[in-house]
Structures are given as C-alpha cells and as structure tokens.
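First the structure, then my questions, so here it is.
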Protein chains: 2
Amino acid sequence: MRPSRKSSNGTTKGLQAEREPLAAVIGGTELQIAYRMGYVLNFYREPSFRRIEMELGLTRPEIVTLIFLNFREGVTASEICEFSGHLKANISRGIIALEKKKLIRRAADKTDSRRQQLFMTAAGRALYARYIPALRERERAMLACLTRAERNEFERLLDKLAAHVPQWAALDEL
Amino acid sequence: MRPSRKSSNGTTKGLQAEREPLAAVIGGTELQIAYRMGYVLNFYREPSFRRIEMELGLTRPEIVTLIFLNFREGVTASEICEFSGHLKANISRGIIALEKKKLIRRAADKTDSRRQQLFMTAAGRALYARYIPALRERERAMLACLTRAERNEFERLLDKLAAHVPQWAALDEL
DNA sequence: ACCAGAAAGTCTCATATGAGACCATCTCGA
DNA sequence: TCGAGATGGTCTCATATGAGACTTTCTGGT
C-alpha cells in the first residue's frame, strides 16, 4: 500500500465526511489495526517524501540513507537495509548516487573488505538539514491530537511491537 | 520507505542483536514514533504483499481494491484512492486489470455517469479468500506480544490518530 | 588449511509506479 | 442557461523498484 494523495487535485475534502463517516470506512477492512497503521502512516510519510524527492532530487533509499547516517556514521549498506526495509539493490544504487553527488563518502572496512563504511560529507549534512525539519514538524502534527500521556503510551506500545518483530518477521509461511 | 527483506537471502539473523541492541538502532533516528510505525508495519505488510504479488499475480492496487470491495461492494475508484493512499492512475490500472481477469465487474453509476461502481465476481471473492487468511494471521502474530488491554489501547490510539488525519494531512507546507 | 556456504555489494532486466496531461461529465454561481 | 471550474477516470512517459544472478570476501566445520 502506498500513500495518499489529495484527491490528486488539491483538496482533501473527500476525507471529511460526505457519504459515510470516516470511521466506518477506516474500520471496515478486516485488518483493523494494520490498516489503520498504514492509513495514518501513509498520510504522514508520503507527502513529505514525495516533496523531498521532487525538490531535492533524491530517491527514497537516498533520503533514508542520509537519515541513518545522521544517526550514526560509519554504518554499512546492509545495516541500512536491515532497519529501513529497503532492498539492498536499491540501497546500493542510492549509495552510489549519493557518493556521486558528494553527499557521502565510503571507506572500506579494515576488518572486512566486503563492507564499506559510510560517512556524510558537509554537503550531505547540509542537505539533510534542509528536509528533516519538515518531517519532524509533520510527525508533531500527526501526534498533536494525543495527550502527552497517550503519546507516551503509544510510543511504549510501538517499542514493544518493534522489539518483538524478529519473533515473527521471519515466518514466511504467514 | 519500503519494506523489509530477510537480508535478501533467507535469514533474519541480523535483526537479533549482534553489534548493537536493536532498540538502539530503532530509536536512533529523530523521527522516533513515525520511524517505529514504519518499521513494524513494513515487516508486517511487505512480505505478505510481495508473496501475494508473486503467487497470485496481482499488483498492490489490485490487492487493495479487492480488500475494499470485500468490505463494501459498489465502491468507486476514487473512494478506494481516498482511503488506500494509492494514486488514482494506479487504482485505475488495477481496476482495468481486475476486470480483464473477471475478478470484478463495473457498472456505471446511474446518477453520475463519470463514476463506476465496482462489484466482486465469484472468482474475485475466491481469490480474495486465498490471500486474506495469511494477512490476518500475520497481523495476529504482529500483535501477539501485546496483552489484550494493550492491544485495545493501541487500537484506540490509532483510531484517534486516524480520525484526526484530515486536520493535518492537507498541510502541504509541512 | 581447506572447502562449502554465508554475506556484502553491484548489476541487469522486467515491471509497477509517480507525475501530470487529457477527456468527459457534473456542479454551481451569475 | 451558460460557462468556469471541480471531479471521475484513463493514458503516456520517465523512472524507481523488485527479483534474482553474479563477484568477491569472509566464516565455520572438518
């Protein structure tokens, strides 16, 4: 499932109500919780990411790579894959592109010459600084309807869910 | 951000621990809550969807369209866009493909000849029945680590977030 | 010390997707 | 009643993506 549009023309009117209360539609599918997570997340993430893609000429793997590098320099491509969920082919392409644009640089890992550690350049840091505020602000807006206590609880539950991902993510039968 | 791989070879070992506790990485980016939502959701959604894509030869818009139709017949393309987050061009293509495969049928809306209402065929229902159990089961697995009370609370918070989406989703400045 | 298999990263190919133009129909105000 | 603009849906084009083959390097068991 991919994100959401403003009806593709500029309004979000359709969301407000009209023929059915929103809740009726949202809760309608069988996958209640998963669907809602996707619904909220899509509206948060997609418009911002698309904007970054268009205005700064970055692909998603590139955007995500810079986010990870900002968090910790020296990270490798496969670590980014592991935690971003992008396919390694795409992260690889993104890294090549980022290096070409001088936004990151690579250094062979001394202990394992297959790996290459990644580092931001000043230009990379500058570009990152141009798009991250909007993402932060939009996250804030998304959560604004929750009380502080609710937000804390929501985060706690998400942490718990995230910590348990390894227990079921590998179950391909599902 | 798109989903997650099993390191691309078949194991999920990298997730378990190794160089850093998972939590350190997960919580590392600035966008704590948004990132975690994406992380969990990706591991839930992507493997299942990819499997459906490959085994049943459906695209994502097609999968989603069948899910919506199962919930309510007679829905139109733009309604599916509105709540699924897919672009209308893609839903349109999906609908055309689904009709070609005889999984749905279309009927012009009498009151507005631009719109066309969509209905599942028996074959569509049968195909839907083939993939939905795995999605349900995987959602169950994802939530299994929560107590019943936590799950209820999580759902309540998601509902609240979803209900407030219209208040900020349109803010393009963000 | 060796070899089978795993892991990191790159590449190719086919395809699904995003952007946006386009057409037809509808709506609403003057 | 007319015309401007909104809306539903389709199409085209360029591009990002998924699948998976491939190379090189590392690892663990014998």
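Labels below follow one simple rule: chain letters A, B, ... track the order of the sequence lines, proteins then strands, and each chain is numbered from 1.
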Value in whole Å for how far the P atom of C:dT17 lies from CG of A:Asn42: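 Taking CG of A:Asn42 and P of C:dT17, I get 13 Å after rounding.
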Which part of the nucleic acid does B:Gln116 contact within heavy-atom distance under 4.0 Å: base, sugar-phosphate only, or nothing?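 B:Gln116: backbone/sugar contact only, no base atoms under 4.0 Å.
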So, is B:Arg115 near the phosphate of D:dG9, with a side-chain N or O under 4.0 Å from OP1 or OP2?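 It does not, given that no N or O in the side chain of B:Arg115 lies less than 4.0 Å from OP1 or OP2 of D:dG9.
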Could you say whether A:Thr59 or B:Ser92 is positioned toward the 5' end of DNA chain D, judged by the nucleotide with the nearest heavy atom to each?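 The residue mapped nearer the 5' terminus is B:Ser92.
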Quick one: is B:Arg93 getting a side-chain N or O under 4.0 Å of the D:dC11 phosphate, OP1 or OP2?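 No, outside the criterion.
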Closest approach to the side chain of A:Ser78, judged atom by atom: which nucleotide of C:dG9, D:dC26, D:dG8 is it?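 Selected nucleotide (nearest to the side chain): C:dG9.
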Could you check how far CG of A:Leu98 sits from C1' of C:dT10, rounded to whole Å?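 Nearest whole value for this atom pair: 16 Å.
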Run B:Glu73 and B:Arg105 through salt bridge (Lys or Arg N to Asp or Glu O under 4.0 Å) and show every step you take. CA-CA 10 Å; B:Glu73 305 245 6; B:Arg105 71 186 171 74; over 6 Å; no
Measuring to OP1 and OP2 of D:dT10, would you say a side-chain N or O of B:Arg106 lies under 4.0 angstrom away?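 Result: yes.
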Report the residue (A:Met54 or A:Ile91) whose heavy-atom-nearest nucleotide on DNA chain C is the more 5′ of the two.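 By nearest-heavy-atom nucleotide position, the 5'-most residue is A:Ile91.
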Would you indicate which nucleotide in D:dT17, C:dG20, C:dC11 comes nearest to any side-chain atom of A:Ala89?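 Nearest listed nucleotide: C:dC11.
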Between A:Glu53 and A:Gln117, which is nearer to the 5' end of DNA chain C once each is assigned its nearest nucleotide?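 It is A:Gln117, whose closest nucleotide lies nearer the 5' terminus.
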Rounded to whole angstrom units, what separation is found between the CG atom of A:Asp109 and the P atom of C:dG9?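 Spelled out: CG on A:Asp109 to P on C:dG9 is 9 Å.
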Roughly how many Å is it from CZ in B:Phe49 to P in D:dA19, rounded to a whole number?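 Atom CZ in B:Phe49 sits about 14 Å away from atom P in D:dA19.
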Atom pair distance, as rounded to whole Å: CD1 in B:Ile63 and C1' in C:dT17: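 Distance, rounded to whole Å: 14 Å.
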From CD1 of B:Ile96 over to P of D:dT12, roughly how many Å is that when rounded to an integer?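 Going from B:Ile96 (CD1) to D:dT12 (P), I get 10 Å.
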Using side-chain contact (heavy atoms from CB on, under 4.5 Å), reason through A:His164 and B:Leu146 one step at a time and then give a plain yes or no. CA-CA 10 Å; A:His164 286 260; B:Leu146 300 183; over 6 Å; no
Closest to side chain of B:Arg114, choosing from C:dA7, D:dA6, D:dT10: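 The answer is D:dA6.
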Atom CG of A:Leu58 to atom P of D:dA16: distance rounded to whole Å?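 So the two atoms are 11 Å apart, to the nearest Å.
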In this structure, how many angstroms lie between the C1' atom of C:dA8 and the CG atom of A:Leu87, rounded?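 Rounded to whole Å, this separation is 15 Å.
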Angle class for the B:Tyr35/A:Phe68 ring planes (parallel below 30°, perpendicular above 60°, tilted otherwise)?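 Aromatic pair B:Tyr35/A:Phe68 classed perpendicular.
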What's the closest nucleotide to the A:Ser113 side chain, out of D:dG18, D:dT17, D:dC26?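 For the A:Ser113 side chain, the nearest candidate turns out to be D:dC26.
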Give a yes or no on whether a salt bridge exists between A:Arg50 and A:Glu53, defined as a side-chain N under 4.0 angstrom from a carboxylate O.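 Result for this pair is no, no salt bridge flagged.
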Quick check on C:dG18: is either OP1 or OP2 less than 4.0 Å from any side-chain nitrogen or oxygen of B:Asn90?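 Answer yes for this pair, as a side-chain N or O of B:Asn90 is under 4.0 Å from OP1 or OP2.
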Assess whether atom CZ of A:Arg130 is packed by more than 12 heavy atoms of other residues, nucleotides or ligands within 6.0 Å.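 Count not over threshold, so no.
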